[in-house]
Amino acid sequence: MKKIKKMITGIIAVLIVTTPAVSCSADKSHKAGSLSIEEETTIDTTESTTTKKSTTTASGTTTSKKTTRKTSTTKKTTTAKTTETETTTTDTTEEPVTEPPTTAEPVAVPAQNYGERANIGGSEIVWLSDYDLNPQIGKERPTPVALFEDVFGGKICHVQTALKNKSSMMSAMILAGDKLDMVQYEQGTYPNGVISQQYQALDPYFRSMGLNYDIWENMEDIIDALSYKGQHYIIPYSFSNPLVLMYSKKLIRDYGLTDPYDLYKNNQWTWENFLNISQTYRTKTAKPAVRGGRFGNALVHSTGLMVVGSENGNFVNNIHHESLKNAELFMQEMGRNRLYSTASGDSFSTETLFFATESWILGTENVKNPGMDLMVVPVPKPSESDGNYTLCDFDAKMLVKNSAMGDAVATYIMCERIVASQPEYKAGAKAYATTPIQSSGGAVKSYITAEQYDALQSCTDPKITLPVFDYIWAMNDKEGVMDGLSNAYLMNGGSEADWTNLSNKYYDIINQMINEY
């Protein structure tokens, strides 16, 4: 595996938090779903090799990432990946809480074929989060938890915290010397948390993670791109919640336009074709073609370029890169032709043809817009690009400083990757994701179609679409560089001279940001 060294320095404040509530692994008498795995499992110890018979019953995993009610939008990160379905609830009176994973129905997976087994039998991981990986009484265990418990012999002990207090509680537990092993990766934890030495590198535990096995195919470059000084603290096992363009196939047909998803499947979903469709729509309706606050940000990164990248262990300021210039000039053209709407709102509307949004809202939008035949595609790519790039969430667990459970945490990460990548889980995950969500009275609250499901899978499949991580997101962008790059020209148009002046201004600002690290 290649190692791209990241040279970063910084500081993080230590905060004081309240005492955590703790609950440990679910009672094995709890219902464990429909997956039955009966296998011969070899466990190596320093003294001898033993064989044990184990039966695992579990169901597929999904991960809730948001704090508002989400739909069953899903994804997979290779052609054989299981999806992660995001489902949460809205609480208008209290702080929202991320829900634990729900379930699907995969078939048996030969877990013994993935990874060189560490002897973790009886090991218990302490997991700090606002949601429990273990199921509530009477609920099915997520498949990764079932594999971890029944095949590998591990356990998970949950320490409860409010989402807003998680970072400060983690710092307090580390300072107090409390046992803490694993936390969820979040954008703000990297690079700052790594720089402040709140986490351990996972490199010593690669064998336990099975990183040399084909379950990690197509993930190597992404994993290396997230390394720090040659060490790997973040090992994404999947990607979720891609930013997409939502549109109505009915409107596309009504206005005689080419279906964007057909263009995408034929590798023709380019800026040029997107612009032609948008201008035709504007001519026929006198309406702007696209809206959505993160559209410009997604266009910038559709080039595959990081505004702040890294080479040879040093941050690199890419503001003068030709790819970024092209993205900004493209947004200027959209602005001059009034193709972008600044209208607010977090729902699909027929006031524009495209709505740039995170994928989790698709299910409820289907219910809100009957007969509109909604569909999604990624943000288009530059015509000269040989690949698709997207903004999305990175799904990963991190090993906490001073933890003695590195092998156990690595093994759990491998369990997540098995479920996220293997074809044995594909049919059950898709069936679960495309099952409508109903209220207690039987009314459909959310659903996605099989075609929508397949489209979302491709948006986070690294064989088709690569995620982009930009270091500027974790830096102190007090001057609003990313906001300016993403929105200024979409709203107001501009010229190449305008871009020259703005890029020169931002060049100095970005260098100042880099110098802080």
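These numbers come from the heavy atoms of this one structure, side chains and all, not from hydrogens, waters or symmetry mates. None of these values were measured; they are calculated from a predicted model.
- The shortest side-chain heavy-atom distance between Met182 and Val126 does not fall under the 4.5 Å cut-off.
- Using a distance-only test at 3.5 Å, with no hydrogens or angles considered, no donor-acceptor pair links the side chain of Gln457 to the main chain of Ala455.
- Note that CD1 of Ile234 and CD1 of Ile223 are 11.0 Å apart. Values are rounded to the nearest 0.5 Å.
- Under a 3.5 Å cut-off, the side chain of Arg141 and the backbone N or O of Asn134 do not form any donor-acceptor pair.
- Residues Glu496 and Lys325 have side chains in contact (heavy-atom distance under 4.5 Å, counting atoms from C-beta outward).
- In this structure, Tyr489 contributes its side chain and Asp498 its backbone to a donor-acceptor pair below 3.5 Å.
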Q. What's the verdict on side chain to side chain contact (heavy atoms under 4.5 Å, CB included) for Phe148 and Ile156, showing C-alpha distance, side-chain angles and the deciding distance?
A. CA-CA 9 Å; Phe148 184 66; Ile156 297 175; 3.9 Å; yes

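- When atom types are taken as modelled, the side chain of Trp216 and the backbone of Tyr237 share no donor-acceptor pair closer than 3.5 angstrom.
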**Q.** Worked verdict on Met331 versus Trp499 for side chain to side chain contact (heavy atoms under 4.5 Å, CB included)
**A.** CA-CA 11 Å; Met331 285 189 274; Trp499 167 243; over 6 Å; no

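- Side-chain contact between Phe394 and Leu226 is present, with at least one heavy-atom pair separated by less than 4.5 Å.
- Taking 4.0 Å as the cut-off between side-chain N and carboxylate O, Asp454 and Lys430 count as a salt-bridged pair.
- The stretch residues 398-414 participates, sequence neighbours left out, in these side-chain hydrogen bond (donor to acceptor under 3.5 Å, both in side chains) pairs: Asp181-Ser403, Ser208-Asp407, Tyr412-Glu416.
- For Asp214 (side chain) and Glu217 (main-chain N/O), no donor-acceptor pair under 3.5 Å exists by modelled atom type.
- Around NZ of Lys265, the count of heavy atoms belonging to other residues, nucleotides or ligands within 6.0 Å exceeds 12.
- Side chain of Trp127 to main chain of Asp132: no donor-acceptor pair is present (N/O by atom type, distance under 3.5 Å, no hydrogens or angles).
- Inter-residue side-chain proximity for Met414 and Phe152 is flagged as met; some heavy-atom pair is nearer than 4.5 Å.
- Looking at every heavy atom in both residues, Asp477 comes nearest to Val481 through OD1-N, 2.8 Å.
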Q: Dump the intermediate steps for side chain to side chain contact (heavy atoms under 4.5 Å, CB included) on Val308 and Met513, then the final yes or no.
A: CA-CA 10 Å; Val308 176; Met513 294 165 58; 5.6 Å; no

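- Atoms OH and CD1, on Tyr471 and Ile510 in that order, are 15.5 Å from each other to the nearest 0.5 Å.
- Side-chain atoms of Tyr233 and Thr189 include no donor-acceptor pair closer than 3.5 Å.
- Closest approach of Asp395 and Ser240 over heavy atoms only: OD1-OG, 3.0 Å.
- With hydrogens and angles disregarded, no donor-acceptor distance shorter than 3.5 Å links the side chain of Asn165 to the backbone of Met169.
- Panel note: side chain His158, backbone Ser129; a donor-acceptor pair is recorded below 3.5 Å.
- How far OG of Ser421 is from CG of Asn218: 10.5 Å, rounded to the nearest 0.5 Å.
- Pairing each heavy atom of Ile215 with each of Met209, the nearest pair is CD1-O, 4.4 Å.
- A salt bridge is absent between Glu124 and Lys179: the closest approach of a Lys/Arg side-chain nitrogen to an acidic carboxylate oxygen does not fall below 4.0 angstrom.
- Between Phe206 and His232, the distance from one ring center to the other falls under 6.0 angstrom.
- Of the candidates Thr270, Asn388, Asn267, Thr465, Lys381 forms a side chain to side chain donor-acceptor pair (under 3.5 Å) with just one, namely Asn267.
- Here the side chains of Ile125 and Lys155 are not in contact, with every heavy-atom distance at 4.5 Å or above.
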Enumerate, atom names and distances included, each donor-acceptor pair closer than 3.5 Å involving a side-chain atom of residues 292-303, sequence neighbours excluded.
{"from": "Arg294", "atom 1": "NH1", "to": "Glu358", "atom 2": "OE2", "distance (Å)": "3.3"}
{"from": "Asn297", "atom 1": "ND2", "to": "His301", "atom 2": "ND1", "distance (Å)": "3.1"}
{"from": "His301", "atom 1": "ND1", "to": "Asn297", "atom 2": "O", "distance (Å)": "3.1"}
{"from": "His301", "atom 1": "NE2", "to": "Asp470", "atom 2": "OD2", "distance (Å)": "2.9"}
{"from": "Ser302", "atom 1": "OG", "to": "Trp271", "atom 2": "NE1", "distance (Å)": "3.3"}
{"from": "Ser302", "atom 1": "OG", "to": "Leu299", "atom 2": "O", "distance (Å)": "2.7"}
{"from": "Thr303", "atom 1": "OG1", "to": "Val300", "atom 2": "O", "distance (Å)": "2.7"}
{"from": "Thr303", "atom 1": "OG1", "to": "Leu305", "atom 2": "N", "distance (Å)": "3.1"}

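- Panel note: side chain Asn317, backbone Tyr507; a donor-acceptor pair is recorded below 3.5 Å.
- In this structure, the side chain of Thr390 does not engage the main chain of Cys392 through any donor-acceptor pair within 3.5 Å.
- Looking only at side-chain heavy atoms (C-beta outward), Gln184 and Leu128 stay at 4.5 Å or farther from each other.
- Smallest separation of non-hydrogen atoms from Tyr261 and Val376: CD1-O, 4.0 Å.
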Q: Let me see the working for Val316 and Ser310 under side chain to side chain contact (heavy atoms under 4.5 Å, CB included), right down to the final yes or no.
A: CA-CA 5 Å; Val316 177; Ser310 178; 5.7 Å; no

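- From Ile418, atom CD1 reaches atom CD1 of Ile413 across 12.5 Å, with rounding to the nearest 0.5 Å.
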